[in-house]
Amino acid sequence: MLAEDSVLLREGLIGLLARFGHEVVAAVGDAPALLTAVEEHAPDIVVTDVRMPPGFQDEGLHAAVRLRERRPTLPVLVLSQYVQRTYASELLDSGDGSGVGYLLKDRVGQVEEFVDALHEVANGGTVLDPEVVRRLLRHRRDPLQRLTPREREVLALMAEGRSNGAIAKDLVVSEAAIGKHINGILTKLNLPLEEGTHRRVLAVLAFLRG
C-alpha cells in the first residue's frame with residue numbers, strides 16, 4: 001500500500017517495487033484515502049509520505065500512527081524529506097513495537113538500500129535513517145552524558161541496525177572492542193545485556209522513547 005501525493009514519485013515507486021517483485025495493491029495521494037484503502041485492501045506493508053493533503057503538514061505520519069493503533073502488527077515504512085521528531089517518537093511507540101521504518105526520501109535513490117529497508121520492516125524489523133537517529137539522540141542529551149564520545153558513535157550505529165562487524169569496519173577497530181563498547185553502553189543506560197542485533201536495536205529504541 002503506497003501513499004504519496006507527488007504523482008511522479010508515486011508512479012516511480014510503483015515501478016521500482018514491481019521490479020523487485022512487489023505488488024502495490026493501492027496507491028493514493030492523501031491521508032484520508034490511505035486510511036480507507038488500508039481497510040479495504042489489508043496490505044502486508046504500508047509505505048507513506050509524511051506531508052500530504054489536505055494540510056501538507058504531518059497528515060501521512062499521523063495516519064500511520066492511527067493505522068498502527070488499529071492494527072498493531074501492520075508494518076509501516078515512512079518516507080519524508082524532513083524529520084518530524086514528535087510523530088517519529090509516536091510511530092516508534094505505536095503498535096507492538098515491531099515493523100516500523102522512517103527513512104528520508106534521499107534513500108529512495110539508493111535503490112538496494114531502500115528495498116532492503118522495505119524487507120526488514122515487512123519482516124518485523126526496525127529501520128531508522130541515520131539523520132532520524134541523530135535528531136532523536138540530540139533530544140536525549142542528559143542520559144548520554146554518561147557515555148564516552150566513542151560509545152555515542154557506537155550507539156548511533158547500533159540504532160541504525162548495524163552488526164558488530166559492520167560497526168567495527170566503520171570505526172576501524174576490532175569486533176572485540178565494539179563488544180566492550182556495547183556492554184558499556186547498555187550498562188550505563190541500564191539496558192539489558194541481550195544478544196542479537198534485533199534485540200539491541202529494540203533496546204536502543206526503548207532508550208530513545210524513554
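In what follows, residues are counted from 1 in the order of the sequence shown. Computed from heavy atoms alone, side chains included, the values below leave out hydrogens, waters and symmetry copies. Just so it is clear, the model here is predicted, and its values are computed rather than measured.
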> Under the side chain to side chain contact (heavy atoms under 4.5 Å, CB included) criterion, do Met1 and Val47 qualify, and how do the steps go?
Replying inline: CA-CA 6 Å; Met1 173 74 225; Val47 179; over 6 Å; no

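- Of all heavy-atom pairs between Asp5 and Pro53, the closest is CB-CD, 3.5 Å.
- Minimum interatomic distance between Met52 and Ala31 (heavy atoms only, all atoms of both residues): CE-N, 3.8 Å.
- Heavy atoms only, all atoms of each residue included: Val127 and Ala117 are closest at CG1-CB, 3.9 Å.
- Val121 and Val25 are not part of a single hydrophobic cluster, where members link through side-chain heavy atoms under 4.5 Å apart.
- With values rounded to the nearest 0.5 angstrom, Tyr102 atom OH is found 8.5 Å from Leu91 atom CG.
- Interatomic distance, Thr48 OG1 to Leu2 CG, rounded to the nearest 0.5 Å: 8.0 Å.
- Closest approach of Ala33 and Asp30 over heavy atoms only: N-OD1, 2.8 Å.
- Ion pair Asp49/Arg10 not flagged as a salt bridge, since none of the NZ, NE, NH1 or NH2 atoms sits closer than 4.0 Å to an Asp/Glu carboxylate oxygen.
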>> Run Leu171 and Val154 through side chain to side chain contact (heavy atoms under 4.5 Å, CB included) and show every step you take.
In response: CA-CA 8 Å; Leu171 299 181; Val154 173; 3.7 Å; yes

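- Salt bridge Lys105/Glu4: present, at least one basic N to carboxylate O contact under 4.0 Å.
- A donor-acceptor pair is defined here as one N or O able to donate and one able to accept, closer than 3.5 Å; no such pair exists between the side chain of Glu23 and the backbone of Gly21.
- Separation of atoms CG (Leu157) and CG (Asn164) is listed at 11.0 Å; rounding is to 0.5 Å.
- Heavy atoms from other residues, nucleotides or ligands lying under 6.0 Å from CG of Asp44 number 12 at most.
- Judged by distance alone, the side chain of Asp58 and the main-chain N or O of Leu61 form no donor-acceptor pair under 3.5 Å.
- Leu118 pairs with exactly one of Leu16, Leu17, Asn123 by the side chain to side chain contact (heavy atoms under 4.5 Å, CB included) rule, that one being Leu17.
- Between atom NE2 of residue His119 and atom CD1 of residue Ile45 there is a gap of 9.0 Å, rounded to the nearest 0.5 Å.
- Distance CD/Glu175 to CD1/Ile167: 9.5 Å, rounded to 0.5 Å.
- Under the rule for a side chain to side chain contact (heavy atoms under 4.5 Å, CB included), the partners of Ala42 that lie at least two apart in sequence or sit in another chain are Arg71.
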>> What verdict does the side chain to side chain contact (heavy atoms under 4.5 Å, CB included) test give for Val46 and Val38, after you've listed the backbone C-alpha separation in whole Å, the side-chain angles of each residue and the deciding distance to 0.1 Å?
In response: CA-CA 8 Å; Val46 170; Val38 169; 3.8 Å; yes

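- Under the rule for a side-chain hydrogen bond (donor to acceptor under 3.5 Å, both in side chains), the partners of Arg150 that lie at least two apart in sequence or sit in another chain are Glu153.
- Distance alone, capped at 3.5 Å, is enough to place a donor-acceptor pair between the Arg68 side chain and the Leu74 backbone.
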>> Could you go through Leu103 and Val78, starting from their C-alpha distance and side-chain angles, then the distance that decides it, and tell me whether this counts as side chain to side chain contact (heavy atoms under 4.5 Å, CB included)?
In response: CA-CA 6 Å; Leu103 296 180; Val78 170; over 6 Å; no

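- Within the 3.5 Å criterion, the main-chain N or O of Thr148 finds a donor-acceptor partner in the side chain of Glu151.
- The nearest pair of heavy atoms linking Gly124 to Ser98 is O-CB, 3.4 Å.
- The shortest side-chain heavy-atom distance between Val50 and Phe56 does not fall under the 4.5 Å cut-off.
- In this structure, the side chain of Glu39 does not engage the main chain of Leu35 through any donor-acceptor pair within 3.5 Å.
- The CG atom of Leu104 lies 4.0 Å from the CG atom of Asp129; values are rounded to the nearest 0.5 Å.
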